[in-house]
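Down below is the structure, laid out as structure tokens.
In what follows, residues are counted from 1 in the order of the sequence shown. No hydrogens, no waters, no symmetry mates; every other heavy atom, side chains included, goes into these values. What you see is a predicted model, and the numbers here were worked out from it, not measured in a lab.
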Amino acid sequence: MKRFGKFFNAAVKASAFMVAAVIAFSACEKKEDPSVKVNQTEVSADAAGGAFDVTVTSNVAWTADAQDKWVTVSPAEGTAGSTKVTVTVKKNNTEDARETSVTFAGEGATATVAVKQTGKDVVSLDKKTFAATPAGGSDAVKVTANTEWTASADADWVTVTPASGDAGEATATVTVAANATTEARNAKVTFVAGDAKAEYTVSQEAVSVSVSNNNVAVAADGASAKVTVTANAAWTATVSADWVTVDPLEGAAGAVEVTVSADANETDADRTATVTFAVN
């Protein structure tokens, strides 16, 4: 009986020691702090919008909160682990860029993704048309765009300098060559900035010249007559006979009065001469 008692006491003591050891070990464990992380902190979208993948890694359950309605998140909540979500940015129908954010939060831990979006492409001109004379000419056009732009003409007799530019305001010069034909003509210059475009129309007259009187008859002793020359470009006059003079022999666009003079005819025969007015 005595030996049995000693053995029993020893067993009890050993068991109590083991329990104490287990309790002491459990008390040393530390709980991990809540954590929510994302694989990217910014999403950049153009005016058309789009969908962007973001990976959320956490050790707690989380929910997503978009600051503005033009951004949505799917799924909008998740559990601990790694979750791929889609951040969808709606189309921006305004000219202004905009920014917002999406916050992923769980048990006090947060991660934020900034969302930035450009405004829709815009290009405008301070004028839309240019009427050039047959002699040609140039016109300055102020171009305003919110992105890089280019300009091109659909006719080889029209050029644009410079033919491209950066966002902001710039001045482009449209140059029209002289019209050496007898036909009026038109061309179009298109300014393009991203998805936006603006058109500028060029019209040019054909060369023309007319006189107020196509036939002048003078007496044999000579005389002078007044004739009005109307042209849309500079002109010159040529005479087919040396007994006829014209003053002035050249003129600018518009209406110009000229004097046609004939010397006395000292022969018995009638004679005829031709005065030709031609645009240069």
* Asked: Does any non-hydrogen side-chain atom of Val115 lie less than 4.5 Å from one of Val89?
  -> yes
Which atom pairs, donor and acceptor, lie under 3.5 Å between side-chain atoms of residues 246-264 and protein residues at least two apart or in another chain?
residue: Thr259; atom: OG1; partner: Lys226; partner atom: NZ; Å: 2.7
residue: Ser261; atom: OG; partner: Ser224; partner atom: OG; Å: 2.7

* Asked: Counting distance only, does the side-chain N/O of Ser212 pair as donor-acceptor with the main-chain N or O of Thr228 below 3.5 Å?
  -> yes
* Asked: Between Ser101 and Gln67, is any side-chain donor less than 3.5 angstrom from a side-chain acceptor?
  -> yes
* Start with the C-alpha distance between Thr86 and Asp53, add both sets of side-chain angles, then the distance that settles side chain to side chain contact (heavy atoms under 4.5 Å, CB included), and finish with yes or no. => CA-CA 5 Å; Thr86 301; Asp53 290 335; 3.5 Å; yes
* Point-to-point distance, once rounded to the nearest 0.5 Å, from CG of Asn232 to CD of Gln204 -> 9.5 Å
* Asked: Which pair of non-hydrogen atoms, one from Ala140 and one from Lys127, has the smallest distance, and what is that distance?
  -> O-NZ, 3.1 Å
* To do: Answer yes when Glu95 and Lys120 have at least one side-chain N-carboxylate O distance shorter than 4.0 Å, and no when they do not.
  => no
* **Minimum side-chain heavy-atom gap Lys188-Tyr200 below 4.5 Å** => no
* Thr175 side chain near Thr161 side chain, heavy-atom distance below 4.5 Å -> no
* **Pairwise distance CZ(Phe104) to OG1(Thr110) - rounded to 0.5 angstrom** => 11.5 Å
* Flag yes if Leu125 and Val122 sit in one hydrophobic cluster, no otherwise; membership is Ile, Leu, Val, Met, Phe, Trp, Tyr, and two members link when side-chain heavy atoms are under 4.5 Å apart. => no
* Side-chain heavy-atom pair Asn92, Thr118 within 4.5 angstrom cut-off -> no
* Structure fact -> Smallest heavy-atom separation, Ala193 atom then Ala145 atom, equals CB-CB, 4.1 Å
* Please collect all ring-ring contact (aromatic ring centres under 6.0 Å, His included) contacts where either partner lies in residues 248-278, sequence neighbours excluded, each pair once. => Trp235-Phe277
* Structure fact -> Taking every heavy atom of Ser240 against every heavy atom of Thr274, the minimum-distance pair comes out as OG-N, 2.7 Å
* Can you check whether Ser35's main-chain N or O pairs, donor with acceptor, with Asn59's side chain at less than 3.5 Å? -> yes
* Looking only at heavy atoms, what is the nearest atom pair of Gly194 and Thr147, with distance? -> N-CG2, 4.0 Å
* Structure fact -> Interatomic distance, NZ@Lys84 vs CG@Asn39, rounded to 0.5 Å, equals 10.5 Å
* Asked: Which heavy-atom pair separates Gly106 from Pro34 by the least distance, and what is that distance?
  -> O-CB, 4.1 Å
* Start with the C-alpha gap between Val202 and Asn186, add the side-chain angles, then the distance that decides, and say whether side chain to side chain contact (heavy atoms under 4.5 Å, CB included) holds. => CA-CA 6 Å; Val202 177; Asn186 296 281; over 6 Å; no
* List the steps and the verdict of side chain to side chain contact (heavy atoms under 4.5 Å, CB included) for Val113 and Thr41. => CA-CA 4 Å; Val113 176; Thr41 58; 5.8 Å; no
* Inspect the contact between Lys197 and Asp121 and indicate whether a charged nitrogen and a carboxylate oxygen are less than 4.0 angstrom apart. => no
* Parallel, tilted or perpendicular: rings of Phe191 and Trp149 (30°, 60°) -> tilted
* Asked: Should we count CG of Asn213 as having more than 12 external heavy atoms under 6.0 Å?
  -> yes
* To do: May I ask you to decide if Thr55's main-chain N or O and Lys37's side chain share a donor-acceptor pair within less than 3.5 Å?
  => no
* Expected output: side-chain Asn179 to main-chain Thr133 donor-acceptor under 3.5 Å -> no
* Asked: Would you say the side-chain atoms of Asn265 and Thr267 include a donor-acceptor pair closer than 3.5 Å?
  -> yes
* Given side chain to side chain contact (heavy atoms under 4.5 Å, CB included), test Trp62 with Thr79 step by step and report yes or no. => CA-CA 6 Å; Trp62 55 266; Thr79 57; over 6 Å; no
* Are any non-hydrogen side-chain atoms of Asp65 and Thr63 less than 4.5 angstrom apart? -> no
* Structure fact -> For Thr129 and Asp139, the nearest pair of non-hydrogen atoms, with its separation, is O-OD2, 4.2 Å
* **Hphob cluster co-occupancy, Val279 + Trp157, side-chain heavy atoms under 4.5 angstrom** => no
* Under 6.0 Å from the CD atom of Gln40, do we count more than 12 heavy atoms belonging to anything else shown? -> yes
* Less than 4.5 Å apart, any side-chain heavy atom of Thr201 and any of Phe130? -> no
* Asked: Just by distance, do the side chain of Gln117 and the backbone of Val43 share a donor-acceptor pair under 3.5 Å?
  -> no
* **Heavy-atom check, side chain of Lys91 versus side chain of Asn93, under 4.5 Å** => yes
* **Pair Asp68-Arg98, salt bridge (Lys or Arg N to Asp or Glu O under 4.0 Å): steps then yes or no** => CA-CA 10 Å; Asp68 291 285; Arg98 56 187 180 181; over 6 Å; no
* Counting distance only, does the side-chain N/O of Ser58 pair as donor-acceptor with the main-chain N or O of Val36 below 3.5 Å? -> no
* Is the side chain of Asp126 donor-acceptor paired with the backbone N or O of Lys142 at a distance under 3.5 Å, no angle test? -> yes
* Is any side-chain heavy atom of Lys116 closer than 4.5 Å to a side-chain heavy atom of Glu42? -> yes
* **Single-linkage hydrophobic cluster, 4.5 Å side-chain cutoff, Val192 and Val160 together** => no
